[in-house]
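Here the structure is laid out as structure tokens; the discussion comes afterwards.
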Amino acid sequence: MSRFFARSDSESEESSSDDEITDKAPGATFKQSLLLSDDEEDTKRVVRSAKDKRFEELTNLIKTIRNAMKIRDMSKCLEEFEQLCRAFLKSKNIVDKEGIPPFYIRLLADLEDYLNQLWEDKEGKKKMNKNNAKALSTLRQKIRKYNRDFESEIAAYKENPQESADEEEEEKEPEDSGSSSDSEGEVSSKSFLKKKPEAPSEATKFLKTAKGSGDESSSSDEDDDDGDWSPSDTGSSSETSDKEEENALKRKRLVTFLKVQRAQDTEKPGVRKEERKKKPKQKEQIEEEAEEEGGWEKVNRGVPLVKEKPKMFAKGTEINTAVVVKKLNEILQARGKKGTDRAAQIELFHALAAIAAENNLGQGILVKIKFNIIASLYDYNPNLAAFMKPDMWKKCLDCIDELLDILFEHNNIFIGENIAEDSENLAVSDQPFRVRGCILTLVERMDEEFTKIMQNTDPHSQEYVDNLKDEGRVCGIVDRLLTYLENKGSTEEICRVYLRRIMHTYYKFDYKAHRRSLGLQGETKSEQDQEESKEESKEESKEESKGESEGEDSAVIMDRLCKFIYAKDRTDRIRTCAILCHIYHHALHSRWYQARDLMLMSHLQDNIQHADPPVQILYNRTMVQLGICAFRQGMIKDAHNALLDIQSSGRAKELLGQGLLMRNMQERNAEQEKIEKRRQVPFHMHINLELLECVYLVSAMLLEIPYMAAHEFDARRRMISKQFHHQLRVGERQPLLGPPESMREHVVAASKAMKMGDWRTCHSFIINEKMNSKVWDLFPEAQRVREMLVRKIQEESLRTYLFTYSSVYDSISMATLSEMFELEMPTVHSIISKMIINEELMASLDQPTQTVVMHRTEPTSLQNMALQLAEKLGNLVENNERVFDLKQGVYGGYFNRDQKGGYQQKQSYQRDQKSYQQKQSGYQRGGYRNQNQGNY
Amino acid sequence: MASRKESTSVSSTAMASTGGTLDSPVKQIQIEGLVVLKIIKHYQEEGQGSEVVQGVLLGLVVDDRLEITNCFPFPQHTEDDADFDEVQYQMEMMRSLRHVNIDHLHVGWYQSTYYGSFVSRALLDSQFSYQHAIEESVVLIYDPIKTAQGSLSLKAYRLTPKLMEICKEKDFTPEGLKKANIGFEQMFEEVPIVIKNSHLINVLMWELEDKSTVADKHELLNLSSSNHLEKSLQLLMDRVDDMSQDIVKYNTYSRNLSKQQQQKHQYLQRRQQENAQRQSRGEPPLPEEDISKLFKPPQPPPRMDTLLIAGQINNYCQNVKEFTSQNLGKLFMAEALQGHN
């Protein structure tokens with residue numbers, strides 16, 4: 001019991017005595033410890049903070065030692081003691097100046113007593129484990145040796161331990177009421193623990209003092225003490241809100257500052273008495289000590305700088321730039337430290353900004369404070385993955401807006417990252433202000449935060465739409481920054497902000513321009529697809545808010561910005577991104593040739609794999625958009641080629657950054673998943689995956705079906721699209737074929753119809769209600785796309801029909817064909833001519849009768865078989881020759897045939913084969929003619 | 001009938017391999033008409049499509065002539081009677097035949113074929129075991145499809161003594177085959193067949209021929225035969241594929257082998273150098289290690305299958321050749337007829 005008592009007592013002193021023990025002069029202590037509001041103190045404070053730090057270190061160590069003592073953990077004790085000695089040695093110069101801190105002496109004495117006691121206790125020693133026993137003996141020897149240096153002090157302490165404790169208590173008393181305090185601190189911290197551990201400790205302290213001092217000066221101390229000792233009181237005080245506290249602080253504190261001081265001076269003896277009385281009470285509270293200790297740690301860990309600092313300036317202080325800057329720096333120092341309350345910090349900054357504004361300190365300082373506010377807003381979330389809360393986000397937007405306002409209003413403010421701290425000019429208004437800080441970085445960060453918010457919002461909720469409304473503001477800010485930097489920024493900065501602007505523009509369909517162009521043609525239709533309707537409204541709102549580029553097409557803007565970047569940018573990444581966005585924008589607005597040329601000229605396809613993942617995702621998006629654009633233009637082959645890479649992998653979702661695929665944890669751990677999540681593209685920028693797949697499958701169908709029909713007997717025919725074949729196979733595997741439901745089933749059904757040359761059925765499968773709502777309506781010019789599609793289906797069906805059934809016709813009239821496929825005669829004529837020229841169709845056109853005369857030279861199945869056999873034999877010979885080549889190496893010219901000869905032979909063999917084919921067809925043709933003649 | 005006899009013997013001499021029958025105990029095979037009919041009947045009743053029927057030949061050897069006087073079929077295998085004992089059945093069958101005073105000496109076996117695909121490992125193995133046990137045994141191959149087209153196709157084969165040697169040693173490695181110097185031509189020898197009927201039957205045949213009209217023989221002149229050719233080509237192609245694969249396998253093997261030999265050579269050279277150095281320094285030479293352990297030779301691919309495939313391909317080719325030449329003849333005939341009309 002006595003041990004506990006002594007400990008708790010001393011501890012309370014130690015922790016709080018940081019300030020006062022060091023400077024012995026009581027008067028000075030009062031002032032300093034009370035409020036530290038004066039500027040002069042701030043200068044001293046720096047010195048003292050070093051001291052504080054040292055002593056805090058010591059007290060912390062002492063505390064751990066005492067803990068270890070309590071649980072009889074000797075090895076821990078020894079370890080800590082050694083550290084303590086080292087720490088003490090480090091603070092040697094301070095100790096020299098200030099004298100040995102009593103708490104240190106007390107620990108030494110206690111420790112020695114404790115050790116001796118343990119040493120005597122033979123029973124206990126036996127129970128100890130080996131390590132502990134060893135540590136005990138070492139520690140005992142050490143402390144004996146060590147204590148020799150402090151013999152006199154220890155003796156003095158031992159002589160009158162209570163006295164010395166009291167003395168300190170008494171010294172500390174005034175401070176009690178002022179800043180963080182010993183016994184009071186204990187209790188209050190305990191109450192913190194009970195209520196909200198996060199509550200700013202300083203706040204309560206201030207509040208308490210404010211309250212206490214707000215009362216009559218004579219009773220103030222008693223009040224104070226009551227508050228200290230009764231938890232309920234402190235609790236209630238700490239419960240009061242921050243605002244109240246602030247107000248109280250601002251007003252009362254400044255007013256009563258001096259009074260309190262005086263009152264405390266007079267009341268000192270009385271306080272001491274009371275303090276003595278309270279001692280027994282403290283004993284009763286032993287049960288709570290564990291808790292108290294926890295509380296202690298909380299308080300101690302907090303950065304003392306901020307805590308002890310009053311928030312605002314003392315009354316009467318002349319508030320000038322220097323003071324504010326100093327304050328700002330103080331607040332800043334706590335930034336990023338453990339235990340700093342970030343919310344409170346933001347509040348502090350705001351208050352500071354208000355004061356600065358109130359006192360007309362000029363725009364320079366305001367800008368600086370704003371910078372810091374925004375930075376600390378960003379800092380609010382310690383985790384990179386977490387996103388801002390809505391209110392924070394609003395605040396952030398407001399702040400940046402205000403900052404930009406200031407910057408626009410005052411032309412004489414220079415900001416930049418590279419302005420050194422000491423070369424800043426915040427005060428002198430006749431010279432241009434110079435402020436350190438980079439608005440561009442802040443805006444970029446803001447943009448990223450916006451992306452993060454969008455990523456973390458459920459895209460199907462109203463919340464998402466609400467958040468999306470902020471996009472207009474974000475764009476507005478980016479635009480304002482753009483105009484600002486165009487005047488002031490360096491090329492590099494302009495490039496960066498241009499890229500931001502581009503990033504916000506490229507994926508939006510410019511409905512105004514679209515409608516304008518339609519309007520020119522005298523058409524008025526408002527085709528809006530579901531996905532982009534959102535964007536459109538947003539776009540409009542943005543444009544309205546913007547006003548500036550109202551008349552300008554997004555195409556023009558994109559062109560201007562991108563070209564600037566192409567010309568001026570020196571970092572490869574920005575240019576790459578700009579090019580990709582430019583292509584995307586072109587593709588989105590169906591400017592296929594520009595998009596394609598830009599893609600080809602940039603040579604991005606060659607080296608995109610070296611880019612970082614976000615750029616690769618952008619590249620994938622661009623390629624997909626390009627493919628879809630090609631499809632709309634009716635360039636089926638180009639569309640297919642552009643989409644092939646993305647679609648064939650089966651990971652389109654992942655490659656476009658539109659979601660994670662389910663994979664087992666082996667391939668991806670939690671960390672990777674987080675990274676991948678961060679790369680996701682927000683929902684409003686997504687490309688519809690079903691649309692993508694449908695476009696791909698339909699283009700594959702239009703290519704593959706005629707090809708399959710043409711190469712029916714070819715043994716080595718290649719698949720154009722694996723995925724399409726896969727879908728076909730899946731379709732075939734169905735045991736019972738009902739009417740198609742999904743998009744894929746529709747395409748498969750259509751393919752089957754097309755295989756038979758039945759374009760009407762094919763058409764009805766591709767274009768119908770379901771497919772319209774699922775896919776085709778998503779295009780901005782849906783009707784045009786549908787028309788194109790019908791036409792393509794007719795043409796390709798005609799080709800397929802000719803391939804498949806040419807063998808059963810001797811001749812077929814083109815008029816019939818044009819009727820069958822509802823194509824105009826010239827089209828039919830051109831398609832058939834093309835097929836004949838490409839030697840796909842063995843036929844000739846009979847001009848006068850407008851008929852196609854089949855030559856019947858397609859090989860019969862037996863001939864096909866023979867051809868295949870010839871091919872296989874070719875392979876066999878080739879393989880055989882390889883064996884010979886090998887033998888030749890071993891046996892050296894056994895066959896007297898060199899490599900070259902063999903190769904040439906092979907070549908000639910192939911030639912033979914070809915000529916054989918030609919001969920064969922010639923023969924066939926001849927046979928046909930002969931037959932004809934025979935018939936006539 | 002005589003013409004038919006001739007044609008079979010002609011076609012048999014067409015096989016290049018027939019020359020080498022000097023040391024063989026059987027130089028000629030004489031088959032009773034009854035046996036031929038029984039075989040044909042057996043296939044017609046039990047074999048369909050690509051299914052194969054088999055049976056036992058009975059007869060005796062007279063000088064260098066094997067006379068096959070009777071036969072009996074093997075029952076078709078089905079999965080239900082897996083415990084069916086073939087040997088038991090065979091012995092019992094022979095015993096029963098002996099009771100009714102029929103030749104009961106086992107002189108070989110017969111098998112039907114599908115488009116001439118019979119050169120297989122199974123045939124080789126069983127013929128080997130037959131020939132191993134009964135030296136004069138032969139295998140008769142009956143081609144029902146060709147027979148259906150109008151000409152009886154029945155051929156007798158025996159393994160060459162060379163192949164017997166190899167099979168005895170079971171050495172099918174490339175080296176072994178090279179040493180035996182055997183090609184696909186020298187694997188099987190065809191024995192000429194003579195079909196012998198009693199005079200009474202011969203007389204009946206003449207009479208029947210005399211009575212039959214020309215129209216009955218139209219089948220011989222059938223021109224639409226591409227289906228048959230296609231099938232043959234298909235089978236030929238499959239074999240060619242197999243062959244290519246085998247060659248590729250062999251190629252890799254020999255490449256690996258030579259690579260390893262090079263390594264071995266290098267290793268030995270290094271060893272030698274080192275030893276020479278050591279000797280000059282007066283140190284004892286390194287102990288000899290087992291090189292074959294260090295360099296395990298790659299597993300040589302068995303070459304017998306390749307040989308068989310080659311034989312089979314040859315067989316198909318003969319078939320196709322025969323077939324096409326016949327058809328060409330028919331075509332010319334048709335043309336001449338048309339011209340005449």
Side-chain angles (χ1 to χ4, degrees), chain A residues 712-717 807 856 858-895 897 899 902-903 905-906 909-910 913 916-917 920 923-924 926-927 929-936, chain B residues 115 174-175 178 223-262 264-265 298 300-301 303 306 309-310 312-314 316-317 319-321 323-324 327 331 334-335 338-339 341:
Chain A
E712 206 183 339
F713 298 111
D714 197 339
R716 278 202 300 188
R717 76 154 184 245
S807 57
R856 307 275 211 153
E858 277 79 44
T860 61
S861 64
L862 180 65
Q863 283 160 346
N864 264 319
M865 201 86 85
L867 286 174
Q868 277 180 40
L869 179 65
E871 213 165 287
K872 283 192 170 145
L873 285 172
N875 281 339
L876 183 67
V877 170
E878 211 167 290
N879 282 331
N880 228 356
E881 272 180 13
R882 258 185 229 141
V883 176
F884 277 136
D885 286 347
L886 207 74
K887 283 249 153 79
Q888 183 193 25
V890 178
Y891 298 112
Y894 179 75
F895 281 95
R897 216 170 47 113
Q899 196 90 22
Y903 173 69
Q905 227 170 339
K906 239 181 283 170
Y909 169 74
Q910 278 170 347
Q913 202 179 354
Y916 161 71
Q917 279 176 359
Q920 194 194 28
Y923 165 76
Q924 282 284 330
R929 286 207 191 105
N930 280 346
Q931 247 178 347
N932 264 3
Q933 279 165 1
N935 283 345
Y936 289 134
Chain B
Y115 287 107
E175 301 300 311
K178 201 155 78 186
L223 276 170
S224 69
S225 50
S226 65
N227 192 31
H228 183 255
L229 204 54
E230 253 175 60
K231 272 267 156 50
S232 302
L233 278 181
Q234 190 69 55
L235 289 164
L236 183 56
M237 242 188 296
D238 292 348
R239 289 305 94 161
V240 169
D241 273 348
D242 291 347
M243 190 71 161
S244 298
Q245 269 175 18
D246 268 5
I247 286 178
V248 168
K249 249 186 241 164
Y250 179 69
N251 212 356
T252 9
Y253 159 73
S254 42
R255 216 178 8 234
N256 284 347
L257 193 68
S258 72
K259 209 187 287 170
Q260 205 181 42
Q261 245 150 9
Q262 229 169 349
K264 204 150 109 183
H265 191 65
R303 294 295 289 161
T306 322
I309 291 169
Q312 183 66 66
I313 287 175
N314 184 40
Y316 284 138
C317 288
N319 268 349
V320 171
K321 207 166 101 186
F323 185 81
T324 43
N327 269 321
L331 277 176
E335 201 177 27
Q338 216 166 11
N341 286 349

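These values consider heavy atoms only, across backbone and side chains, with no hydrogens, waters or symmetry-generated copies. Numbered from 1 within each chain, the chains take letters A, B, ... in sequence-line order.
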[atom1]-[atom2] distance between [X] and [Y], expressed to the nearest 0.5 angstrom:
| X | Y | atom1 | atom2 | value |
| --- | --- | --- | --- | --- |
| A:K872 | B:R239 | NZ | CZ | 11.5 Å |
| B:M243 | A:L873 | CE | CG | 10.5 Å |
| A:M865 | B:E230 | CE | CD | 4.5 Å |

Taking all non-hydrogen atoms of both residues into account, name the closest pair between A:L876 and B:I247 and its distance.
->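 Distance-wise, the nearest heavy atoms are CD1-CD1, 3.6 Å.
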